[in-house]
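Report on the structure given below.
Just so you know, these numbers use all the heavy atoms, side chains as well, and skip hydrogens, waters and symmetry mates. Numbered from 1 within each chain, the chains take letters A, B, ... in sequence-line order.
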Amino acid sequence: MPAADVLLSWFDRTARDLPWRDPDCSGWGVLVSEIMLQQTPVSRVEPIWREWLARWPVPSALAASSQGEVVRAWGKLGYPRRALRLHEAAGVIAAEHGDVVPADIDTLLGLPGIGAYTARAVAAFAYGQRCPVVDTNVRRVVARAVHGAGDAGPPATTRDMADVAKLLPEQDAVAAKYSAALMELGALVCTARNPQCADCPVYDTCAWQLAGRPAYTGPVKAVQKFAGTDRQVRGRLLDVLRGATGPVTRGQLDAAWSEAGQRDRCLDSLLVDGLVEQTDSGLFALPGEH
DNA sequence: CATACGTGGTC
DNA sequence: TGACCAAGTAT
């Protein structure tokens with residue numbers, strides 16, 4: 001993947017106009033977007049992100065709301081523990097960082113829900129730092145364009161970041177934009193299925209293309225089951241609570257799933273996770289909503 | 001390192 | 001139609 005200029009100019013021409021890419025978007029806006037975008041498509045995140053930033057423009061505002069309100073506002077973005085962790089992170093940012101999202105990667109890594117990807121994404125996209133930002137898109141683009149493979153193998157954070165670090169342009173702001181461009185390329189052109197190689201700005205230098213686009217030969221990726229899993233049951237239970245205005249009876253939750261054993265196990269795990277609380281009278285509610 | 005963790009769109 | 005996929009993190 002040589003010729004950073006080609007990718008950068010392609011990004012200038014075709015990048016989506018996403019609200020968290022506005023130069024005036026705060027670090028908080030960027031952080032909220034990155035958390036929401038973890039395993040969740042842009043199209044589903046954008047409207048919720050707008051609601052959140054309008055309602056909670058700074059971390060302290062979110063921290064002042066109850067966990068239940070936050071989980072409710074998370075809606076059906078999925079993986080609702082993210083909402084709880086973001087709420088907790090907002091409290092730390094408000095209390096210990098002057099209500100400003102930290103720019104230091106190690107400080108960011110210390111916050112709940114922020115891992116190797118998100119910490120660097122915030123450092124790069126909110127603060128213009130030069131650091132490798134490696135998500136699934138970037139891993140796939142590098143696997144193809146640099147290594148000539150059909151797809152990325154299993155994640156190996158240290159090696160993946162070293163791969164990307166070699167590609168980054170020297171200047172901080174340019175490197176940050178380059179990372180965004182790499183992600184955009186993976187999201188729109190160099191996609192997992194049916195990549196649009198004819199529209200690719202780095203077609204001429206892509207190692208995968210030059211090798212004749214060989215099929216992926218690495219280990220088979222585990223398929224994620226959903227139907228019938230605890231994840232589905234937890235989702236159903238939480239959906240009942242989101243749809244209610246206050247605490248509900250165990251009987252109301254019974255309607256969410258027929259098999260009692262699994263239902264009870266999932267309800268217990270939601271209580272353990274803090275996504276559900278039990279009232280003194282034995283009812284169930286979103287945290288803080290009783 | 002593998003697995004659990006939501007939800008909905010696409011081919 | 002059902003498998004695959006979507007800007008990962010925590011354990």
**Asked** Looking only at atom P, what distance separates C:dA7 and B:dA4, rounded to whole Å?
**Response**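 Each nucleotide's P atom is 22 Å from the other's.
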
**Whole-angstrom distance between B:dC5 and C:dG2, as gauged at atom P** = 23 Å

For [X] and [Y], does a side-chain donor sit closer than 3.5 Å to a side-chain acceptor?
X	Y	answer
A:E34	A:Y117	yes
A:T118	A:Q38	yes
A:R144	A:Q209	no

Checking all strands, does [X] fall into the base, sugar-phosphate, or nothing category for heavy-atom contacts under 4.0 angstrom?
X	result
A:W74	nothing
A:L109	nothing
A:S43	nothing
A:R139	nothing
A:G115	sugar-phosphate
A:A116	sugar-phosphate
A:A121	nothing
A:T136	sugar-phosphate
A:A227	nothing
A:R44	base
A:P154	nothing
A:R234	sugar-phosphate
A:P155	nothing

Whole-Å distance separating the [atom1] atom of [X] from the [atom2] atom of [N]:
X	N	atom1	atom2	result
A:Q39	B:dG6	CD	C1'	10 Å
A:D135	C:dC5	CG	P	15 Å
A:N137	C:dC5	CG	P	13 Å
A:D239	B:dG6	CG	C1'	11 Å
A:D230	B:dT7	CG	C1'	16 Å
A:D273	B:dC5	CG	P	8 Å
A:Q38	B:dG6	CD	C1'	13 Å
A:Q224	B:dA2	CD	P	14 Å

Can you tell me if [X] touches the phosphate of [N], counting only side-chain N or O atoms and a distance under 4.0 Å to OP1 or OP2?
X	N	answer
A:K221	C:dC4	no
A:T118	C:dT9	yes
A:K225	C:dA3	yes
A:R242	B:dT7	yes

Between A:R140 and A:A119, whichever has its closest DNA chain C nucleotide further toward 5' is A:R140

query: Got a donor-acceptor pair under 3.5 Å from the side chain of A:R231 to the base of B:dT7?
result: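 Side chain to base: no pair below 3.5 Å.
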
Q. Any donor-acceptor pair under 3.5 Å joining the side chain of A:T40 to the base of B:dG8?
A.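 Per atom types, no contact qualifies.
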
Side-chain contact check for A:A192: nearest option of C:dA7, C:dA6, C:dA10 is C:dA6

Is it the case that the ring center of A:W56 lies less than 6.0 angstrom away from the ring center of A:W28?
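Ring centroids of A:W28 and A:W56 are no less than 6.0 Å from each other.
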
What is the minimum heavy-atom distance between [X] and [Y], and which atoms define it?
X	Y	value
A:V233	A:R263	CG1-CA, 4.2 Å
A:P102	A:Y127	O-CE1, 3.4 Å
A:A165	A:P132	N-CB, 4.1 Å

When A:L238 and A:N194 are each assigned the nearest nucleotide of DNA chain B, the 5'-most assignment goes to A:L238

